[in-house]
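What follows is a set of notes on a single structure, which appears directly below.
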Amino acid sequence: MNDYYDVVIAGAGPAGAQCARDLAARGYDVVVLETEAEDEFPRQSNKSTAGTFPSMMASFGIPDDVVMQYTDSVVLESPMEHYVREQPGAVLEFADFKRYLVRDGRDDGAEYRFDARVAAPIMDDGEIVGVTYNGDEEVYGDIVVDATGPAAPLAKKLDVVDLKRENHAIGIEYEFEGIDIDRPGFADLHNAMMLRLDHDIAPGGYSWIFHTGEDTAKVGLCYIQNDSHAQYGRDDFSIDDYLTHWLETDPRFRDAERIEGKQHRGSAHIQAPGKLHTDRFMAIGDTVPTVDPLWGEGINKCMQSGRVAAAAADSCLKHGNLEPTAENLEVYETLWHRDVAPSAKTRLLMTQLLYLAPNDRYDKLMRDLHRLGDETLADANNGNPLAIARLLDLEDGPLLARFAKQQFGLDLGGLLS
(Lines give C-alpha, C1' and ligand atoms only; values in the text may rest on other atoms or scores of the structure.)
Protein backbone atom coordinates (compact mmCIF):
# COMPACT_ATOMS: atom_id res chain seq x y z
CA MET A 1 0.00 0.00 0.00
CA ASN A 2 1.07 3.57 -0.63
CA ASP A 3 1.75 6.00 2.20
CA TYR A 4 1.09 9.18 0.18
CA TYR A 5 -1.92 10.17 -1.94
CA ASP A 6 -3.31 13.21 -3.64
CA VAL A 7 -6.42 13.01 -1.43
CA VAL A 8 -7.17 11.05 1.76
CA ILE A 9 -10.88 10.63 2.56
CA ALA A 10 -12.23 9.47 5.93
CA GLY A 11 -15.59 7.74 5.51
CA ALA A 12 -17.13 5.66 2.71
CA GLY A 13 -20.69 6.99 2.96
CA PRO A 14 -22.38 8.69 -0.01
CA ALA A 15 -20.36 11.91 0.38
CA GLY A 16 -16.96 10.27 0.76
CA ALA A 17 -17.57 7.63 -1.88
CA GLN A 18 -18.85 10.18 -4.41
CA CYS A 19 -15.87 12.44 -3.77
CA ALA A 20 -13.60 9.43 -4.37
CA ARG A 21 -15.50 8.49 -7.56
CA ASP A 22 -15.06 11.95 -9.03
CA LEU A 23 -11.40 12.26 -8.06
CA ALA A 24 -10.50 8.78 -9.32
CA ALA A 25 -12.29 9.47 -12.60
CA ARG A 26 -10.02 12.53 -12.98
CA GLY A 27 -6.96 10.34 -12.49
CA TYR A 28 -5.96 11.33 -8.96
CA ASP A 29 -4.52 8.95 -6.38
CA VAL A 30 -7.20 8.76 -3.70
CA VAL A 31 -7.64 6.50 -0.68
CA VAL A 32 -10.79 6.08 1.41
CA LEU A 33 -10.53 4.93 5.04
CA GLU A 34 -13.68 3.23 6.31
CA THR A 35 -14.30 2.05 9.87
CA GLU A 36 -16.48 -0.93 8.95
CA ALA A 37 -15.20 -4.29 7.79
CA GLU A 38 -15.60 -4.88 4.07
CA ASP A 39 -17.54 -8.11 4.45
CA GLU A 40 -20.06 -6.26 6.67
CA PHE A 41 -20.21 -3.06 4.65
CA PRO A 42 -22.52 -1.37 5.05
CA ARG A 43 -23.97 -2.42 8.35
CA GLN A 44 -27.75 -2.08 8.26
CA SER A 45 -27.66 -0.08 11.47
CA ASN A 46 -26.34 3.13 9.92
CA LYS A 47 -28.46 3.81 6.85
CA SER A 48 -30.74 6.71 5.99
CA THR A 49 -34.31 6.62 4.71
CA ALA A 50 -32.95 6.35 1.16
CA GLY A 51 -35.68 8.25 -0.64
CA THR A 52 -34.54 10.35 -3.59
CA PHE A 53 -35.70 11.95 -6.82
CA PRO A 54 -34.76 11.37 -10.50
CA SER A 55 -32.46 14.41 -10.53
CA MET A 56 -30.11 12.67 -8.09
CA MET A 57 -30.20 9.39 -10.00
CA ALA A 58 -29.37 11.08 -13.30
CA SER A 59 -26.78 13.52 -11.94
CA PHE A 60 -24.67 10.79 -10.39
CA GLY A 61 -25.26 7.92 -12.82
CA ILE A 62 -26.97 5.65 -10.30
CA PRO A 63 -28.16 2.37 -11.89
CA ASP A 64 -31.69 0.99 -11.64
CA ASP A 65 -30.56 -2.18 -9.89
CA VAL A 66 -30.06 -0.38 -6.55
CA VAL A 67 -33.69 0.84 -6.55
CA MET A 68 -36.26 -1.05 -4.48
CA GLN A 69 -39.25 0.84 -5.87
CA TYR A 70 -39.87 3.74 -8.21
CA THR A 71 -42.58 6.04 -6.88
CA ASP A 72 -45.04 8.40 -8.52
CA SER A 73 -45.98 10.77 -5.72
CA VAL A 74 -45.08 12.34 -2.40
CA VAL A 75 -47.77 12.41 0.28
CA LEU A 76 -47.73 14.87 3.18
CA GLU A 77 -49.78 13.83 6.20
CA SER A 78 -50.86 15.65 9.35
CA PRO A 79 -52.88 14.08 12.19
CA MET A 80 -56.22 14.61 10.39
CA GLU A 81 -55.42 15.69 6.81
CA HIS A 82 -53.18 14.81 3.88
CA TYR A 83 -51.91 16.36 0.65
CA VAL A 84 -50.71 14.49 -2.45
CA ARG A 85 -48.13 15.90 -4.83
CA GLU A 86 -47.38 14.11 -8.09
CA GLN A 87 -43.62 13.78 -8.08
CA PRO A 88 -41.57 10.82 -9.30
CA GLY A 89 -38.98 9.38 -6.97
CA ALA A 90 -37.00 6.29 -6.05
CA VAL A 91 -36.65 4.31 -2.83
CA LEU A 92 -33.12 2.93 -2.72
CA GLU A 93 -31.82 -0.30 -1.27
CA PHE A 94 -29.25 1.70 0.62
CA ALA A 95 -26.75 -1.11 1.17
CA ASP A 96 -26.66 -1.92 -2.56
CA PHE A 97 -26.37 1.80 -3.33
CA LYS A 98 -23.36 2.28 -1.06
CA ARG A 99 -21.64 -0.86 -2.36
CA TYR A 100 -22.17 0.38 -5.91
CA LEU A 101 -20.44 3.68 -5.15
CA VAL A 102 -17.44 1.83 -3.72
CA ARG A 103 -17.29 -0.60 -6.65
CA ASP A 104 -17.56 2.16 -9.24
CA GLY A 105 -14.85 4.23 -7.58
CA ARG A 106 -12.56 1.24 -7.42
CA ASP A 107 -13.09 0.60 -11.12
CA ASP A 108 -11.61 4.06 -11.76
CA GLY A 109 -8.66 3.46 -9.43
CA ALA A 110 -9.78 4.63 -5.98
CA GLU A 111 -8.26 2.62 -3.14
CA TYR A 112 -10.37 1.56 -0.15
CA ARG A 113 -9.06 0.47 3.21
CA PHE A 114 -11.76 -1.09 5.38
CA ASP A 115 -11.38 -1.82 9.08
CA ALA A 116 -9.61 1.54 9.22
CA ARG A 117 -10.85 3.78 12.05
CA VAL A 118 -9.52 7.31 11.63
CA ALA A 119 -8.29 8.75 14.94
CA ALA A 120 -6.55 12.09 14.49
CA PRO A 121 -4.92 14.49 12.03
CA ILE A 122 -1.19 14.47 11.48
CA MET A 123 0.02 18.06 11.67
CA ASP A 124 3.13 19.74 10.28
CA ASP A 125 3.77 23.43 10.85
CA GLY A 126 0.13 24.00 11.73
CA GLU A 127 -1.30 22.23 8.67
CA ILE A 128 -2.87 18.81 8.31
CA VAL A 129 -0.71 16.53 6.17
CA GLY A 130 -2.29 13.15 6.88
CA VAL A 131 -4.21 11.07 9.40
CA THR A 132 -3.58 8.31 11.89
CA TYR A 133 -5.87 5.32 11.95
CA ASN A 134 -6.14 2.06 13.90
CA GLY A 135 -3.88 3.44 16.58
CA ASP A 136 -0.47 3.93 15.01
CA GLU A 137 -0.97 3.52 11.26
CA GLU A 138 -0.49 6.61 9.12
CA VAL A 139 -1.37 7.81 5.66
CA TYR A 140 -0.50 11.14 4.05
CA GLY A 141 -2.02 13.34 1.38
CA ASP A 142 -2.01 16.78 -0.20
CA ILE A 143 -5.66 17.20 0.83
CA VAL A 144 -7.63 15.46 3.60
CA VAL A 145 -11.44 15.15 3.56
CA ASP A 146 -13.56 14.28 6.62
CA ALA A 147 -16.73 12.54 5.38
CA THR A 148 -17.51 10.64 8.57
CA GLY A 149 -20.81 12.35 9.36
CA PRO A 150 -21.71 13.34 12.91
CA ALA A 151 -18.53 11.73 14.32
CA ALA A 152 -16.34 14.24 12.41
CA PRO A 153 -13.15 13.37 14.37
CA LEU A 154 -10.86 15.37 12.11
CA ALA A 155 -13.16 18.36 11.67
CA LYS A 156 -13.64 18.65 15.44
CA LYS A 157 -9.93 18.45 16.23
CA LEU A 158 -9.18 21.09 13.61
CA ASP A 159 -11.96 23.32 15.03
CA VAL A 160 -13.59 23.49 11.62
CA VAL A 161 -17.05 22.46 12.83
CA ASP A 162 -18.79 22.73 16.18
CA LEU A 163 -21.71 20.31 16.13
CA LYS A 164 -24.34 21.19 18.73
CA ARG A 165 -26.45 18.58 20.51
CA GLU A 166 -29.58 20.71 20.08
CA ASN A 167 -29.15 20.34 16.31
CA HIS A 168 -28.53 16.59 16.44
CA ALA A 169 -31.23 14.66 14.57
CA ILE A 170 -31.67 10.95 15.26
CA GLY A 171 -33.74 8.48 13.30
CA ILE A 172 -34.92 4.88 13.33
CA GLU A 173 -36.47 2.80 10.56
CA TYR A 174 -37.80 -0.72 10.10
CA GLU A 175 -38.95 -2.49 6.97
CA PHE A 176 -42.33 -4.20 7.17
CA GLU A 177 -44.58 -6.49 5.22
CA GLY A 178 -48.34 -6.82 5.63
CA ILE A 179 -48.98 -3.05 5.64
CA ASP A 180 -52.40 -1.80 4.53
CA ILE A 181 -51.05 0.46 1.80
CA ASP A 182 -54.48 1.82 0.77
CA ARG A 183 -56.34 2.05 4.07
CA PRO A 184 -59.75 3.82 3.93
CA GLY A 185 -59.49 7.27 5.48
CA PHE A 186 -55.82 7.62 4.51
CA ALA A 187 -54.05 8.51 1.26
CA ASP A 188 -53.26 5.68 -1.12
CA LEU A 189 -49.56 4.99 -0.59
CA HIS A 190 -49.04 2.68 -3.56
CA ASN A 191 -45.86 3.88 -5.31
CA ALA A 192 -45.57 6.80 -2.91
CA MET A 193 -43.23 8.29 -0.32
CA MET A 194 -45.23 9.60 2.64
CA LEU A 195 -43.96 12.13 5.19
CA ARG A 196 -46.08 12.79 8.29
CA LEU A 197 -45.97 15.83 10.58
CA ASP A 198 -47.45 14.72 13.91
CA HIS A 199 -45.90 15.48 17.31
CA ASP A 200 -47.62 12.48 18.89
CA ILE A 201 -45.44 10.27 16.68
CA ALA A 202 -42.31 12.36 16.05
CA PRO A 203 -42.20 15.41 18.37
CA GLY A 204 -40.08 18.08 16.73
CA GLY A 205 -39.61 15.96 13.60
CA TYR A 206 -41.47 13.76 11.14
CA SER A 207 -42.27 10.15 10.36
CA TRP A 208 -42.51 8.30 7.05
CA ILE A 209 -43.81 5.35 5.08
CA PHE A 210 -41.94 4.63 1.82
CA HIS A 211 -43.65 1.99 -0.31
CA THR A 212 -41.21 -0.65 -1.53
CA GLY A 213 -43.59 -2.97 -3.42
CA GLU A 214 -46.78 -4.98 -2.82
CA ASP A 215 -47.56 -4.70 0.93
CA THR A 216 -44.01 -3.77 2.04
CA ALA A 217 -42.61 -0.42 3.08
CA LYS A 218 -39.91 1.36 5.01
CA VAL A 219 -41.40 2.88 8.16
CA GLY A 220 -39.54 5.25 10.44
CA LEU A 221 -39.26 8.55 12.22
CA CYS A 222 -36.71 11.14 13.21
CA TYR A 223 -36.56 14.24 15.34
CA ILE A 224 -34.12 16.94 16.33
CA GLN A 225 -33.15 17.05 20.01
CA ASN A 226 -34.01 20.73 20.46
CA ASP A 227 -36.63 22.93 22.16
CA SER A 228 -39.39 21.78 19.80
CA HIS A 229 -38.83 18.17 20.81
CA ALA A 230 -38.73 19.15 24.48
CA GLN A 231 -42.01 21.06 24.11
CA TYR A 232 -43.96 18.25 22.46
CA GLY A 233 -42.10 15.14 23.57
CA ARG A 234 -42.56 12.77 26.49
CA ASP A 235 -39.82 12.46 29.10
CA ASP A 236 -40.39 8.71 29.42
CA PHE A 237 -40.23 7.99 25.66
CA SER A 238 -37.18 7.04 23.61
CA ILE A 239 -37.19 7.12 19.82
CA ASP A 240 -37.97 3.38 19.87
CA ASP A 241 -40.99 4.05 22.09
CA TYR A 242 -42.37 6.59 19.62
CA LEU A 243 -42.07 4.16 16.74
CA THR A 244 -43.73 1.41 18.80
CA HIS A 245 -46.54 3.83 19.70
CA TRP A 246 -47.14 4.61 16.02
CA LEU A 247 -47.15 0.95 15.05
CA GLU A 248 -49.65 0.16 17.78
CA THR A 249 -52.07 3.02 17.05
CA ASP A 250 -52.09 3.38 13.25
CA PRO A 251 -54.53 0.87 11.67
CA ARG A 252 -52.34 0.57 8.58
CA PHE A 253 -49.92 -1.50 10.68
CA ARG A 254 -52.49 -3.80 12.27
CA ASP A 255 -51.26 -6.87 10.37
CA ALA A 256 -47.73 -5.66 9.67
CA GLU A 257 -44.68 -7.74 10.56
CA ARG A 258 -41.08 -6.64 10.67
CA ILE A 259 -38.77 -8.05 8.01
CA GLU A 260 -35.90 -9.74 9.81
CA GLY A 261 -32.58 -7.90 9.72
CA LYS A 262 -34.09 -4.68 8.41
CA GLN A 263 -33.63 -2.33 11.35
CA HIS A 264 -31.80 0.90 10.62
CA ARG A 265 -30.59 3.85 12.65
CA GLY A 266 -28.89 7.04 11.68
CA SER A 267 -28.11 10.60 12.70
CA ALA A 268 -27.21 13.97 11.22
CA HIS A 269 -26.68 17.55 12.31
CA ILE A 270 -29.25 20.05 11.11
CA GLN A 271 -27.51 23.36 11.61
CA ALA A 272 -26.14 26.24 9.62
CA PRO A 273 -22.52 25.55 8.66
CA GLY A 274 -19.77 27.73 9.98
CA LYS A 275 -16.43 27.13 8.29
CA LEU A 276 -16.28 24.00 6.13
CA HIS A 277 -12.58 24.03 5.28
CA THR A 278 -9.12 25.10 6.31
CA ASP A 279 -5.62 24.58 4.89
CA ARG A 280 -5.50 21.22 3.07
CA PHE A 281 -8.81 20.13 4.58
CA MET A 282 -12.56 19.97 3.83
CA ALA A 283 -15.52 18.66 5.88
CA ILE A 284 -18.31 17.16 3.80
CA GLY A 285 -21.45 15.04 4.07
CA ASP A 286 -23.40 15.09 7.33
CA THR A 287 -21.07 17.74 8.74
CA VAL A 288 -22.96 20.04 6.40
CA PRO A 289 -26.71 20.06 7.00
CA THR A 290 -29.64 18.75 5.08
CA VAL A 291 -31.65 21.89 4.61
CA ASP A 292 -34.71 20.97 2.54
CA PRO A 293 -37.53 21.92 4.92
CA LEU A 294 -39.99 19.30 3.68
CA TRP A 295 -38.19 16.78 1.49
CA GLY A 296 -34.88 16.56 3.33
CA GLU A 297 -33.28 14.27 0.73
CA GLY A 298 -30.03 14.04 2.64
CA ILE A 299 -28.56 11.50 0.22
CA ASN A 300 -28.59 14.02 -2.59
CA LYS A 301 -27.05 16.69 -0.34
CA CYS A 302 -24.23 14.35 0.68
CA MET A 303 -23.57 13.36 -2.93
CA GLN A 304 -23.56 17.00 -4.02
CA SER A 305 -21.17 18.00 -1.24
CA GLY A 306 -18.84 15.16 -2.25
CA ARG A 307 -18.93 16.36 -5.84
CA VAL A 308 -18.15 20.00 -5.07
CA ALA A 309 -15.36 18.92 -2.70
CA ALA A 310 -13.84 16.90 -5.55
CA ALA A 311 -14.12 19.95 -7.82
CA ALA A 312 -12.39 22.11 -5.20
CA ALA A 313 -9.57 19.58 -4.80
CA ASP A 314 -9.21 19.34 -8.57
CA SER A 315 -8.94 23.14 -8.85
CA CYS A 316 -5.77 22.94 -6.74
CA LEU A 317 -4.27 19.61 -7.75
CA LYS A 318 -4.47 20.14 -11.51
CA HIS A 319 -2.05 23.05 -11.10
CA GLY A 320 1.16 21.65 -9.68
CA ASN A 321 2.19 24.94 -8.08
CA LEU A 322 -1.18 25.83 -6.49
CA GLU A 323 -1.06 24.93 -2.81
CA PRO A 324 -4.35 23.67 -1.28
CA THR A 325 -4.46 26.50 1.24
CA ALA A 326 -7.68 27.63 2.89
CA GLU A 327 -7.82 30.51 0.41
CA ASN A 328 -7.49 28.21 -2.61
CA LEU A 329 -9.98 25.66 -1.22
CA GLU A 330 -12.55 28.37 -0.56
CA VAL A 331 -14.17 27.39 -3.86
CA TYR A 332 -15.68 24.46 -1.91
CA GLU A 333 -17.72 26.78 0.30
CA THR A 334 -18.66 28.93 -2.69
CA LEU A 335 -19.94 25.90 -4.61
CA TRP A 336 -21.61 24.48 -1.50
CA HIS A 337 -23.66 27.62 -0.92
CA ARG A 338 -24.43 28.00 -4.62
CA ASP A 339 -25.16 24.41 -5.68
CA VAL A 340 -25.68 22.24 -2.58
CA ALA A 341 -27.66 24.51 -0.29
CA PRO A 342 -28.84 27.73 -1.94
CA SER A 343 -30.88 29.96 0.40
CA ALA A 344 -29.57 27.78 3.22
CA LYS A 345 -30.34 30.17 6.07
CA THR A 346 -33.91 30.84 4.95
CA ARG A 347 -34.64 27.17 4.40
CA LEU A 348 -33.15 26.20 7.75
CA LEU A 349 -35.28 28.79 9.52
CA MET A 350 -38.35 27.40 7.73
CA THR A 351 -37.41 23.91 8.92
CA GLN A 352 -37.15 25.09 12.52
CA LEU A 353 -40.44 27.02 12.29
CA LEU A 354 -42.17 24.00 10.77
CA TYR A 355 -41.22 21.69 13.63
CA LEU A 356 -42.31 24.29 16.20
CA ALA A 357 -45.90 24.41 14.89
CA PRO A 358 -48.61 22.48 16.81
CA ASN A 359 -50.55 19.56 15.32
CA ASP A 360 -53.67 21.58 14.48
CA ARG A 361 -51.47 23.96 12.47
CA TYR A 362 -50.20 20.99 10.48
CA ASP A 363 -53.81 20.14 9.62
CA LYS A 364 -54.33 23.71 8.42
CA LEU A 365 -51.10 23.53 6.39
CA MET A 366 -52.48 20.55 4.45
CA ARG A 367 -55.69 22.48 3.72
CA ASP A 368 -53.66 25.52 2.67
CA LEU A 369 -51.60 23.41 0.28
CA HIS A 370 -54.77 22.16 -1.41
CA ARG A 371 -55.74 25.79 -1.91
CA LEU A 372 -52.35 27.15 -2.96
CA GLY A 373 -51.04 24.20 -5.00
CA ASP A 374 -47.73 22.57 -5.81
CA GLU A 375 -45.92 25.69 -7.03
CA THR A 376 -46.20 27.45 -3.68
CA LEU A 377 -44.96 24.33 -1.90
CA ALA A 378 -41.98 23.96 -4.23
CA ASP A 379 -41.04 27.64 -3.92
CA ALA A 380 -41.34 27.59 -0.12
CA ASN A 381 -39.16 24.47 0.08
CA ASN A 382 -36.57 26.31 -2.01
CA GLY A 383 -36.51 29.15 0.52
CA ASN A 384 -38.57 31.75 -1.38
CA PRO A 385 -39.65 34.27 1.30
CA LEU A 386 -42.84 35.27 -0.56
CA ALA A 387 -43.93 31.63 -0.88
CA ILE A 388 -43.23 31.05 2.81
CA ALA A 389 -45.29 34.16 3.63
CA ARG A 390 -48.22 32.76 1.63
CA LEU A 391 -48.26 29.76 3.97
CA LEU A 392 -48.63 32.04 7.01
CA ASP A 393 -51.60 34.08 8.25
CA LEU A 394 -52.55 36.39 11.14
CA GLU A 395 -53.37 33.45 13.39
CA ASP A 396 -49.70 32.47 13.30
CA GLY A 397 -48.72 35.51 15.40
CA PRO A 398 -48.15 33.56 18.65
CA LEU A 399 -46.23 30.87 16.77
CA LEU A 400 -43.99 33.48 15.13
CA ALA A 401 -43.46 35.15 18.51
CA ARG A 402 -42.27 31.87 20.05
CA PHE A 403 -40.06 31.29 17.03
CA ALA A 404 -38.47 34.75 17.27
CA LYS A 405 -37.79 34.26 20.98
CA GLN A 406 -36.31 30.79 20.39
CA GLN A 407 -34.11 31.81 17.49
CA PHE A 408 -33.16 35.40 18.19
CA GLY A 409 -34.01 36.08 21.84
CA LEU A 410 -36.67 38.59 20.80
CA ASP A 411 -39.83 38.96 22.89
CA LEU A 412 -42.60 39.95 20.45
CA GLY A 413 -45.47 39.03 22.76
CA GLY A 414 -46.50 42.63 23.39
CA LEU A 415 -46.41 43.54 19.72
CA LEU A 416 -48.55 40.57 18.70
CA SER A 417 -51.10 40.67 21.52
Side-chain angles (χ1 to χ4, degrees), residues 5-33 56 59-60 101 105 110 118 121 126-131 141-163 268-291 298-345 347-348:
Y5 295 82
D6 295 317
V7 181
V8 177
I9 299 172
Q18 181 57 45
C19 187
R21 283 177 83 199
D22 282 351
L23 289 169
R26 289 178 168 94
Y28 294 112
D29 291 327
V30 56
V31 64
V32 181
L33 307 175
M56 198 286 284
S59 296
F60 297 100
L101 296 179
V118 172
E127 295 183 351
I128 185 172
V129 294
V131 301
D142 288 332
I143 297 172
V144 176
V145 175
D146 189 337
T148 58
L154 303 175
K156 289 175 182 176
K157 290 180 180 179
L158 292 170
D159 293 325
V160 174
V161 297
D162 182 16
L163 302 177
H269 277 81
I270 313 299
Q271 69 182 66
K275 190 168 71 169
L276 303 174
H277 77 290
T278 187
D279 293 329
R280 300 181 178 274
F281 179 83
M282 292 176 282
I284 69 174
D286 279 348
T287 55
V288 292
T290 297
V291 292
I299 295 170
N300 194 15
K301 297 300 178 189
C302 286
M303 298 283 281
Q304 288 176 320
S305 65
R307 172 150 288 177
V308 299
D314 177 58
S315 70
C316 292
L317 295 174
K318 69 182 178 183
H319 302 291
N321 60 347
L322 188 60
E323 289 293 316
T325 61
E327 181 181 3
N328 290 331
L329 286 175
E330 191 171 5
V331 65
Y332 170 57
E333 297 214 20
T334 300
L335 292 173
W336 189 88
H337 285 287
R338 188 193 75 183
D339 299 337
V340 180
S343 304
K345 291 183 179 179
R347 296 163 83 183
L348 185 57

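Scope of the values below: all heavy atoms of this structure, side chains included, with no hydrogens, waters or symmetry mates.
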Quick one: closest heavy-atom pair of Ala312 and Met282, and the distance? CB-SD, 3.9 Å
Taking all non-hydrogen atoms of both residues into account, name the closest pair between Gly16 and Ile284 and its distance. N-CD1, 4.2 Å
Yes or no on side chain to side chain contact (heavy atoms under 4.5 Å, CB included) for Val131 and Leu33, after CA distance, side-chain angles and deciding distance? CA-CA 10 Å; Val131 301; Leu33 307 175; 3.6 Å; yes
Gap between atom CG of Leu158 and atom CZ of Arg280 - 0.5 Å precision: 13.0 Å
Would a 4.5 Å heavy-atom cut-off, applied to side chains only, mark Val144 and Pro121 as touching? no
As an exercise, state the distance from CZ of Arg307 to CG of Asn300, rounded to the nearest 0.5 Å. 10.5 Å
Close side-chain approach of Leu329 to Ile143, heavy-atom, < 4.5 Å: yes
Trace of the side chain to side chain contact (heavy atoms under 4.5 Å, CB included) decision for Asp279 with Ile128: CA-CA 7 Å; Asp279 293 329; Ile128 185 172; over 6 Å; no
Could you tell me which non-hydrogen atom of Asp22 sits nearest to which non-hydrogen atom of Ala310, and how far apart they are? CB-CB, 3.6 Å
If you round to the nearest 0.5 Å, how far is CH2 of Trp336 from CG of Asp339? 11.5 Å
Ignoring hydrogens and geometry, is there a side-chain-to-backbone donor-acceptor pair from Asn328 to Glu323 under 3.5 Å? yes
Atom NZ of Lys156 and atom OG1 of Thr148: how far apart are they, to the nearest 0.5 Å? 8.0 Å
Do the non-hydrogen side-chain atoms of Asp6 and Val30 ever get within less than 4.5 Å of each other? no
Minimum heavy-atom separation for Leu276 and Glu333, please, with both atom names. N-OE2, 2.6 Å
CA sep, side-chain torsions, deciding dist, call: Tyr28, Leu317, side chain to side chain contact (heavy atoms under 4.5 Å, CB included): CA-CA 9 Å; Tyr28 294 112; Leu317 295 174; 3.5 Å; yes
Which heavy atom of Val331 sits nearest to which heavy atom of Ser315, and what is that distance? CG1-OG, 3.7 Å
How long is the gap from CD on Gln304 to CZ on Phe60, to the nearest 0.5 Å? 5.5 Å
Run the side-chain hydrogen bond (donor to acceptor under 3.5 Å, both in side chains) test on Asp142 and Tyr5 for me, step by step, so that the C-alpha distance in whole Å, both residues' side-chain angles and the decisive distance to 0.1 Å come before the verdict. CA-CA 7 Å; Asp142 288 332; Tyr5 295 82; over 6 Å; no
Given 3.5 Å as the limit, does a donor-acceptor pair link the side chain of Ser59 with the main chain of Met56, or not? no
Kindly give the heavy-atom pair with the smallest separation between Val7 and Ala313, and that separation in Å. CG2-CB, 4.4 Å
Out of curiosity, Thr278 OG1 to Glu327 CD, how far, rounded to the nearest 0.5 Å? 12.5 Å
Side chain to side chain contact (heavy atoms under 4.5 Å, CB included) between Val340 and Val308, intermediate numbers included: CA-CA 8 Å; Val340 180; Val308 299; 4.0 Å; yes
side-chain hydrogen bond (donor to acceptor under 3.5 Å, both in side chains) assessment of Gln18 paired with Arg21: CA-CA 5 Å; Gln18 181 57 45; Arg21 283 177 83 199; 2.7 Å; yes
